[in-house]
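Here the structure comes first, spelled out in structure tokens, and everything after it is commentary.
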Amino acid sequence: MELICPAGTPAAFREAVEAGADAVYCGFRDETNARNFPGLNFTREELRQAVAHGHAQGVHTYVALNTFMRAGHEDLWYRAADDAVAAGADAVILADMALMDYVSSTYPDQRLHVSVQASASNVDAIALLVESFGAKRLVLPRVLTVPEIANLARNVDCELEVFAFGGLCVMAEGRCSLSSYVTGQSPNMQGVCSPASHVRYREDGPDMVSELAGFTINRFGKDEPAGYPTLCKGRFHIADDDGYAFEDPVSLDVMEHLDALRSAGVTALKIEGRQRGKAYVAQVVSSLRAALEAPKEARAQKLTQLHRLSEGQRTTAGAYEKKWR
Amino acid sequence: MLLPRPLSLTIDKLPVALVQRVVNQAFHRALQQHPDLFDRLGNEANKRFCFAPTDLDFVFLVHPESKFIHTFRKAAQPRADASIAGPMLTLLALLEGRIDGDAVFFSRSLSVTGDMEAMLALRNALDDCSFDLPRDLAAMAGPLALPFRRIAEVIRHRALKGMA
Ligand code: SF4
């Protein structure tokens, strides 16, 4: 299986290549991709250089253009697609069907991947995207079990990529409005969930309180591992209970299911984390590369350090194991 | 990993003006070698960032746009738009992008307050800059540049092992 690795900066891109990525995915410095964070992402020139560096090392570059176009401003997304193709991107990762239509009709030879943000998770939805736009690969939402993934793989006519490690988006991706409900911005349109501009942390005695747009999202006791103030991982007061309503602050790790995913017919494993630093990229990519190449019994040992990099310092296999509440 | 107590006590005894001179020189040298830092910072270069090592009695206020760094005693509590507090060696490792800032934050060894957009832009800008403090600052030691660099590299190696 291919290892698809994140890069938010050229430095992280080089780390990913060096650590053993088969392909690196990245985006431009604007709202055309779902990690539109301050100081992150690539200029056109940086992308050209990254693609060339990747090709020299036999590594592919995928460009994420995976937000939904704003009516009246489609040009921003069309130009981004033009520039990604011109830079030599090995694939563009798209969510908006109108952008898929633009790319497949303007650049019929350009390899097109469907982003997780498109939320295509059944045979009919995937078949439509393959037939209409010639999609070669589909990134599956993190809401399916391994048997469901295997069933899809048998019945669709394209490659499947699944998330293996990193931040966990627990809702039907591309459809979650929690962030826009509170901040007016969402990953789907502006490319950012729970934007940093709306985040505040404050010390309250020994506790650390995280806030989003003035709402308290969580309170961490002294030395309790912390997480981002995303609404889906907030602690809520419901009836007589205080607790996590949707999901705890936790990251995804499905490396235990590697063999099952391989025999299910999965083509590629994706690491989440374009917003993370190059040290994260280097460590996660090299650990997963070592685990992929190790025999089953030696695998766990290659991954021991990874929980320390995870949100809340814990990991879960999420829906892949279907043990959610 | 904290600075050894005797070392932090010694540094704390130094006059603010002396620390300011050394820090200012190091800051300008590092900026000269990494002018690309400002490109990623964008408008956030106009914010005031406070770095507060928890194992020292000094804090450092940085205003990237005017290429200004100022040293204060902790009690002075200078006003900043965004602040980061953690052990000195952790802050230096973050500056070099050798450890992942989010992971250190999750572990609670680091606290961040104030304008998170500015802080994130700074983190991403630093991460792409490839600072290498022993290499970048060695020339400040004049004829002792080489031993300075070697010793600094050994200290960094040990500190990073302590954080792993
Ligand atoms: S709130 Fe949670 S589920 Fe919704 S987009 Fe953000 S990370 Fe994903």
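Numbers restart at 1 for each chain; the letters A, B, ... are given by sequence-line order, proteins then strands.
- Contact annotation for A:Glu224: both backbone and side-chain heavy atoms come within less than 4.5 Å of a heavy atom of chain B.
- Residue-environment remark: CZ (B:Arg135) exceeds the threshold of 12 foreign heavy atoms within 6.0 Å.
- By the 6.0 Å contact criterion, CD on A:Glu203 is enclosed, its count of non-hydrogen atoms from other residues, nucleotides or ligands being greater than 12.
- Heavy-atom neighbours of B:Arg73 CZ from other residues, nucleotides or ligands within 6.0 Å: above the threshold of 12.
- Here B:Ala121 is the residue among B:Gly42, B:Ala121, B:Ala93, B:Cys129 with the most heavy-atom pairs under 4.5 Å with chain A.
- Atom NE2 of A:His198 and atom CE of B:Met116 lie 14.5 Å apart (nearest 0.5 Å).
- Residue B:Phe68 places its CZ atom among more than 12 non-hydrogen atoms of other residues, nucleotides or ligands, all under 6.0 Å distant.
- With a threshold of 4.5 angstrom between heavy atoms, B:Asp39 approaches chain A through its backbone and through its side chain.
- Contacts between B:Ile99 and chain A at a heavy-atom distance below 4.5 Å involve the backbone alone (N, CA, C, O).
- Taking the side chain as every heavy atom from C-beta outward, A:Phe37 and B:Arg123 never approach each other to under 4.5 Å.
- Counting all heavy atoms, side chain and backbone alike, B:Arg108 lies closest to A:Ala226 at CD-CB, 3.8 Å.
- Between chain B and the residues A:Pro249, A:Gly227, A:Ala282, the most heavy-atom pairs under 4.5 angstrom are made by A:Gly227.
- Of the atoms belonging to B:Arg40, heavy atoms from both backbone and side chain fall under 4.5 Å from chain A.
- In this structure, chain B has heavy atoms under 4.5 Å from both the backbone and the side chain of A:Phe220.
- Across every non-hydrogen atom of B:Asn124 and A:Thr9, the tightest pair is O-CG2, 4.1 Å.
- Rounded to the nearest 0.5 Å, atoms CD (A:Gln275) and CG (B:Leu120) are 9.0 Å apart.
- Between the side chain of B:Asp100 and the backbone N or O of A:Ala279, no donor-acceptor pair lies under 3.5 Å.
- For residues 38-46 of chain A, a heavy-atom distance under 4.5 Å to chain B picks out A:Pro38, A:Gly39, A:Leu40, A:Asn41, A:Glu46, given by residue number.
- Ranked by heavy-atom pairs shorter than 4.5 Å toward chain A, the options B:Ser107, B:Ala125, B:Ala82 are led by B:Ser107.
- Interface remark: of the candidates B:Gly114, B:Ser130, B:Ser111, B:Gly114 forms the most heavy-atom pairs closer than 4.5 Å to chain A.
- Residue B:Asp12 places its CG atom among more than 12 non-hydrogen atoms of other residues, nucleotides or ligands, all under 6.0 Å distant.
- Counted within 6.0 Å of CD on A:Glu18, heavy atoms from surrounding residues, nucleotides or ligands total 12 or fewer; the atom is thus considered open.
- For the atom pair A:Tyr201 OH and B:Leu110 CG, the distance stands at 11.0 Å (nearest 0.5 Å).
- Here the shortest heavy-atom pairing between B:Asp127 and A:Ala11 reads O-CB, 3.8 Å.
- Under a cut-off of 6.0 angstrom, the local environment of NE2 in B:His157 is sparse, with at most 12 non-hydrogen atoms contributed by other residues, nucleotides or ligands.
- Around OH of A:Tyr181, the count of heavy atoms belonging to other residues, nucleotides or ligands within 6.0 Å does not exceed 12.
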